[in-house]
Amino acid sequence: MLSQEAPHLLEKREVKARREGLPELKNAKKGEVVLRFAPNPNGPLSFGHARGLVINSSYREMYDGEFILRFDDTDTKVKPPMLEAYELIQEETEWLTGRKPDRVIYASDRIDVYYEHAMVMLNQGFGYVCRCTADEFKEFRISKTNCPCRTQPISDNMVFWKRMLEGKFKPGEAVVRVKTDMELKNPALRDWPALRLQDTKVHPHPRPEIASTYVVWPLLDFQSAIEDHLQGVTHIIRGKDLMDSTRKQTLLYQHFGWTYPETMYWGRVKVHEWGGFSTSQMRSDIEGGTYDGWSDPRLPTLAGLRKRGTQARALRNFWMELGITQKDISVPLATLYSHNTKVIDDDAPRLAFVRHAAEFTLEGEHPKKLDIPVHPNHPEMGQRTWDLSDGQIWLESDDLEKMDLRLKEFADVALHDRVARVESMERSDQRPIVHWLPDKTSTEAVVIGTKNDTVFHIEGRLEHHAYTPGTIVQLERVGYAIFTDETTLFLCHESLKDD
RNA sequence: GCUCGUAUAGUGUAGUGGCCCAUCAUGAAGGACUCUCAUUCCUUCGACCCGGGUUCAAAUCCCGGUACGAGCACCA
C-alpha cells in the first residue's frame, strides 16, 4: 500500500543504508575498466604501496576489469631501481591481491615508444628542446616569462633533439618541455619538463639489457601519461601528491587530442608507531646494518609485515576500511592488528609457552597424562596430550608471587619451595588460572618480539608440537606468534601497552 | 611566496539539503561466556574546525578565517 501511495518514502530508506566497500567508479562499465599500479622498483613494496595495490585490484574485481602492474623505472641516478625488486614486487603483488596482474609493463622496455611521442610533440610544435639551466628556467617560471628556446623553429628543435639522442649534450644542458602556458596560475604547470638526459655510463640502468643504452629518459609525468593512454587505462587512483601531475598530464592529453582517465586520490597515511620511512632511507639503514634486510619485522615493508605473520586479507581489510578519502590521516597499529587477529584466530592452534620458566615438582595424587583441546572454540581441531609421568612441571616466574594457583585445565596447587602440592583436581576457589607445562612435553625455546624499533628475546619452555615454520599459533596468555623454526617464534603483534 | 587539496567521537569511517539530537569499526571502561590477559557477545563513553550567508530546512551549498597536508625537482 505504501509503495503505491508514497513510493518515495521507500526509496529514501534504501539510501540510508551504510555504503559497503568501495564507492562506485565514475563512468565505469563492467568489463571495460582498466586500472594500474605503478611503483618505482627501487626497493620491495612497503606498507603504503599496499594501498595502491589493494584499492586498484579491488576495483578490478568489482568491475571485472583489468589490472596492470607497471614498473616506473626511468630514473637511474636519484632513485635507481633495484634489480631484485622486479621479481619481489610481482610476487608480493600476487600475495597481497590474491592473483597475478593482467599485464606487467616495464617502462624501461618502452623508451623507443616514448621517443616516438616526443617527436610527435616536437614536430607538431607543442614541445620544445630547452637549453636553459634548471635555475634559469626557474626564474622564467616565477616571472611568468617565456624562455628563449620556446619560440625556436621546429627544425631547430629536431636538430637539438637529435643531438640529445646522440649524447652531444651533458645532463642538465638540454631538456624537452611540454608547451603549456607560462601565465598559468599554477606555477607547477608552466612548460613542464618531459624528457631529460642521464649519464648512463656513470649511472647505468640496473637491468643488464638496458644498462647504458639510452641517455635520454622520460620523466614520470610524460612516461606515465603516454603509457596510460597506450594501455587504455580508464581510471587512475593514486595519492593526492600527484594532483598536479594530473593537471600537467591533462594539458599534454589536450595537445595529443586524447581524453584523460577518471582520477581519484587518497591522502597521506602515517602509522603512528612508525613515523616516516622512505625507501632510500631504509636502503641505507639496511646497508649500514641497522636492520636485518628488507624483511626485518621492524620495517614497514610488506616483507617485514609478512614475516611477523600479517595476513594479506588483514591488509586488504585494513585498506578497504580506510577507503579513498583525501584526508591526511594517522592510524594506530592497533587497527591493523585488530584486523589480523580476526583473520588468524580461528585457525591458530593454542600452544603453551612458559616465559622465564621455573621448575617445580608435583606432589600428591594426579593423573599421569592430560588431554586438552588444540583450540577451545574448535573441538574438530583435536587434542594435545601432555605427559606428567615424572611429575616435573614448569611455571612462569611472574606467576610465582601468588602461592595458590590453578594450573589451567589441570589442578589447584599450592607452591612451596620447588614443590607444587596438588590440593584439588576440581576448581575449588577463585585462585588465578595460569598456564604451565610438564617437563616431558616441553623444550627450551625462544620468542622474539619488537618494541619501539628494538628487538627483544624471551627464553622459556615451549610445548612439544609438530608445526612447520610459518605456522601461526596462539601462545596462551602471551599472544599470537609465528614459527620461524622448531624452537623459535616471532610475536605477530607488537605489544602496544607500556610496561 | 604562488598554486592545489582536506577538515564528522581518542583514532579511522558513513553521510552529497529534510529520514541525522548523525553510521560502522577501532579504542577505553564495565559486564556475560570461557579452566588463556585470546576469541565471541552485551552495555557505556565520545564528533559535524570557527564565523558569516543562501534556504521553510545545512554535517551536507556559498563566502571568509583557521589548522593541517601536498605541488612549484633535468625524483617517483
Side-chain angles (χ1 to χ4, degrees), chain A residues 9 11-13 15-20 23 38-42 72-75 77-81 107 130 132-134 137-138 141-142 144 169-177 184-190 192-198 216-217 219-221 223-224 238-248 265 267-270 272 278-280 317-318 321-323 325-332 334-339 341-342 344-346 348 350 352 372 375-378 406-412 426-427 431-435 474-480 496-497:
Chain A
L9 288 180
E11 282 174 35
K12 294 270 182 175
R13 191 155 294 174
V15 178
K16 174 145 197 203
R18 183 170 217 267
R19 199 201 76 225
E20 275 191 34
N40 179 349
N42 62 340
D72 280 352
D73 56 346
T74 55
D75 183 282
K77 188 185 173 188
V78 184
K79 290 181 178 172
C130 175
C132 304
T133 65
F137 193 84
K138 192 174 180 182
R141 181 170 47 236
I142 292 169
K144 299 187 179 180
F169 292 112
K170 289 194 179 68
E173 289 179 350
V175 61
V176 177
R177 293 187 183 283
L184 252 20
K185 274 198 347 181
N186 188 342
L189 313 184
R190 298 171 194 159
W192 53 273
L195 301 101
R196 74 348 190 147
L197 296 156
Q198 297 193 98
V216 178
W217 283 82
L219 272 325
L220 170 86
D221 288 316
Q223 176 272 128
S224 177
R238 57 184 171 193
K240 68 174 184 178
D241 53 312
L242 262 15
M243 272 183 165
D244 282 343
S245 267
T246 299
R247 298 183 182 105
K248 287 188 215 176
Y265 310 94
R268 256 202 152 202
V269 175
K270 254 183 18 192
H272 187 253
S278 71
T279 302
S280 37
N317 292 345
F318 174 87
E321 184 172 67
L322 296 197
T325 62
Q326 290 187 30
K327 218 160 117 183
D328 299 315
I329 54 175
S330 176
V331 265
T335 305
L336 177 61
Y337 291 158
S338 154
H339 282 291
T341 296
K342 283 189 175 68
I344 62 182
D345 184 73
D346 271 338
R350 269 48 176 173
I372 39 188
H375 193 303
N377 305 339
H378 298 282
R406 169 79 188 171
L407 303 185
K408 188 170 180 294
E409 311 269 11
F410 185 58
D412 286 357
E426 298 307 311
R427 183 122 211 236
R431 64 183 70 190
I433 298 166
V434 300
H435 68 298
Q474 189 204 67
L475 301 177
E476 290 174 319
R477 293 178 73 221
V478 178
Y480 299 96
L496 301 170
K497 287 177 184 158

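These values consider heavy atoms only, across backbone and side chains, with no hydrogens, waters or symmetry-generated copies.
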ask   = Without hydrogens or angle criteria, can the side chains of A:N40 and A:D75 be said to hold a donor-acceptor pair below 3.5 Å?
value =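 Judged by distance alone, the side chains do not pair up.
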
inquiry  = If only side-chain N and O atoms count, and only distance matters, is there a donor-acceptor pair under 3.5 Å linking A:H435 with A:E409?
reply    =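 No.
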
Which whole number of Å gives the distance between the [atom1] atom of [N] and that of [M]?
{"N": "B:rA25", "M": "B:rU40", "atom1": "P", "value": "12 Å"}
{"N": "B:rA7", "M": "B:rC50", "atom1": "P", "value": "14 Å"}
{"N": "B:rG27", "M": "B:rG18", "atom1": "C1'", "value": "33 Å"}
{"N": "B:rU13", "M": "B:rU23", "atom1": "C1'", "value": "9 Å"}
{"N": "B:rG12", "M": "B:rC45", "atom1": "P", "value": "22 Å"}
{"N": "B:rG46", "M": "B:rU8", "atom1": "C1'", "value": "12 Å"}
{"N": "B:rG1", "M": "B:rG10", "atom1": "P", "value": "31 Å"}
{"N": "B:rC24", "M": "B:rG5", "atom1": "P", "value": "33 Å"}

As a test of reading the structure: which of [options] is closest to the side chain of [X], going by heavy atoms?
{"X": "A:I433", "options": "B:rU6, B:rA14, B:rU36", "answer": "B:rU36"}
{"X": "A:E409", "options": "B:rC35, B:rA7, B:rU36", "answer": "B:rC35"}
{"X": "A:S338", "options": "B:rU13, B:rG27, B:rU11", "answer": "B:rG27"}
{"X": "A:K408", "options": "B:rC35, B:rG12, B:rA76", "answer": "B:rC35"}
{"X": "A:K327", "options": "B:rC75, B:rA76, B:rU6", "answer": "B:rU6"}
{"X": "A:D345", "options": "B:rA76, B:rU26, B:rU39", "answer": "B:rU39"}
{"X": "A:T74", "options": "B:rA76, B:rU8, B:rU36", "answer": "B:rA76"}

Can you name the atoms? Protein N/O to nucleotides 3-5 of chain B N/O, anything below 3.5 Å, with the distance.
| residue | atom | partner | partner atom | Å |
| --- | --- | --- | --- | --- |
| B:rU3 | O2' | A:N186 | OD1 | 3.4 |
| B:rU3 | O2' | A:N186 | ND2 | 2.8 |
| B:rC4 | OP1 | A:K185 | NZ | 3.4 |
| B:rC4 | O3' | A:R247 | NH2 | 3.3 |
| B:rC4 | O2' | A:R247 | NH1 | 3.1 |
| B:rC4 | O2' | A:R247 | NH2 | 2.7 |
| B:rG5 | O3' | A:Q326 | OE1 | 3.2 |
| B:rG5 | O2' | A:Q326 | OE1 | 2.9 |

query = Using 4.0 Å as the upper bound for N to carboxylate O, is an ion pair formed by A:D345 and A:R350?
reply =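 Here A:R350 pairs with A:D345 in a salt bridge, since their nearest N and O are under 4.0 Å apart.
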
ask   = Is A:D72 paired with A:K79 through a side-chain N to carboxylate O contact shorter than 4.0 Å?
value =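 Here A:K79 does not pair with A:D72 in a salt bridge, since their nearest N and O are not under 4.0 Å apart.
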
Taking any heavy-atom pair under 4.0 Å as a contact, classify [X]: base, sugar-phosphate, or nothing.
{"X": "A:T279", "value": "nothing"}
{"X": "A:P332", "value": "sugar-phosphate"}
{"X": "A:Y480", "value": "sugar-phosphate"}

Starting at [atom1] of [X] and ending at [atom2] of [N], how long is that distance when rounded to a whole Å?
{"X": "A:L184", "N": "B:rC72", "atom1": "CG", "atom2": "C1'", "result": "12 Å"}
{"X": "A:Y337", "N": "B:rG12", "atom1": "OH", "atom2": "C1'", "result": "17 Å"}
{"X": "A:D221", "N": "B:rC72", "atom1": "CG", "atom2": "C1'", "result": "12 Å"}
{"X": "A:H375", "N": "B:rU39", "atom1": "NE2", "atom2": "P", "result": "11 Å"}

request  = Determine whether A:Y480 and A:I344 make a side-chain contact, defined as any pair of heavy atoms from C-beta on separated by less than 4.5 Å.
outcome  =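 Yes. Closest side-chain heavy atoms under 4.5 Å.
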
message = Is there, by distance only and without an angle test, a donor paired with an acceptor across the side chain of A:R19 and the base of B:rU23 below 3.5 Å?
response =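 Answer no: no donor N or O sits under 3.5 Å from an acceptor.
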
key: Residues A:F410, A:I372; criterion side-chain contact (heavy atoms from CB on, under 4.5 Å); working and verdict   = CA-CA 9 Å; A:F410 185 58; A:I372 39 188; over 6 Å; no

request  = Please map the stems of RNA chain B, keeping only stretches of three or more Watson-Crick or G-U wobble pairs with both distances under 3.5 angstrom.
outcome  =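 Ordered by first number, the stems with RNA chain B (at least 3 consecutive pairs each) read B:1-7 with B:66-72, B:10-12 with B:24-26, B:27-32 with B:40-45, B:49-53 with B:61-65.
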
query = For A:V434, which of A:K408, A:R477, A:R406 qualifies under side-chain contact (heavy atoms from CB on, under 4.5 Å)?
reply =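 With A:V434 as partner, side-chain contact (heavy atoms from CB on, under 4.5 Å) holds for just one option, A:R477.
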
